[in-house]
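Taking it in order: structure first as structure tokens, then the write-up.
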Amino acid sequence: MTPEDKNSQKQVLIGIIRRFVIGAVLGLIPVLLHLFSSGALDDWTWNNATINFFVSVSLICGVLSAIFGKRFFNVIRGMLETGAF
């Protein structure tokens, strides 16, 4: 394995991690919109199911963006522009 191959693999891994993090953060947008619009931040009476759902939405968005990359970002951007959330 040459140094160029190792560098190329490192760049690919960094790209995947970056897309995952961006997707996970984008997955938090609908969660935060729901929390702010429903007033759930006022009472703080969340149960484990609610927290697990919010975390799973964020992780699913992260995984999908790591796999599909720009195609997933375009879908999310289109949904945000049209207010589909």
Side-chain angles (χ1 to χ4, degrees):
M1 193 174 273
T2 64
E4 292 90 20
D5 292 339
K6 288 183 181 180
N7 192 24
S8 175
Q9 288 178 347
K10 184 178 178 182
Q11 291 297 333
V12 169
L13 184 61
I14 289 172
I16 291 171
I17 292 171
R18 183 178 296 139
R19 286 193 307 262
F20 175 82
V21 170
I22 291 171
V25 170
L26 285 177
L28 288 175
I29 291 174
V31 169
L32 293 175
L33 287 175
H34 170 71
L35 290 177
F36 285 120
S37 67
S38 67
L41 290 176
D42 296 336
D43 57 8
W44 293 95
T45 58
W46 302 345
N47 55 15
N48 284 338
T50 305
I51 293 170
N52 289 338
F53 175 74
F54 291 152
V55 169
S56 65
V57 166
S58 180
L59 290 177
I60 288 171
C61 287
V63 169
L64 288 175
S65 67
I67 293 171
F68 296 112
K70 211 167 183 130
R71 289 180 288 175
F72 181 75
F73 293 140
N74 289 337
V75 170
I76 294 295
R77 187 183 69 218
M79 291 175 74
L80 288 173
E81 287 176 355
T82 60
F85 283 116

- In terms of hydrophobic clusters joined by side-chain contacts under 4.5 Å, are Ile14 and Phe68 together? no
Side-chain donor/acceptor pairs under 3.5 Å, residues 59-66, sequence neighbours excluded:
unit_1	atom_1	unit_2	atom_2	d
Ser65	OG	Arg19	O	2.6
Ser65	OG	Cys61	O	3.2
Ser65	OG	Gly62	O	2.9

- Do Val75 and Met79 have side chains that get closer than 4.5 Å, going by heavy atoms? yes
- Share the residues that join Ile16 in a hydrophobic cluster, the rule being Ile, Leu, Val, Met, Phe, Trp or Tyr side chains under 4.5 Å apart at the heavy-atom level. Val12
- Could you tell me which residues satisfy side-chain contact (heavy atoms from CB on, under 4.5 Å) with Arg77, sequence neighbours excluded, listed by chain and number? Asn74, Glu81
- Task: Calculate, to the nearest 0.5 Å, the distance between atoms CG and CZ belonging to Leu26 and Phe73 respectively.
- Result: 6.0 Å
- Note on the structure: Heavy atoms of Ser58 and Ala24 approach each other most closely as OG-O, 2.8 Å
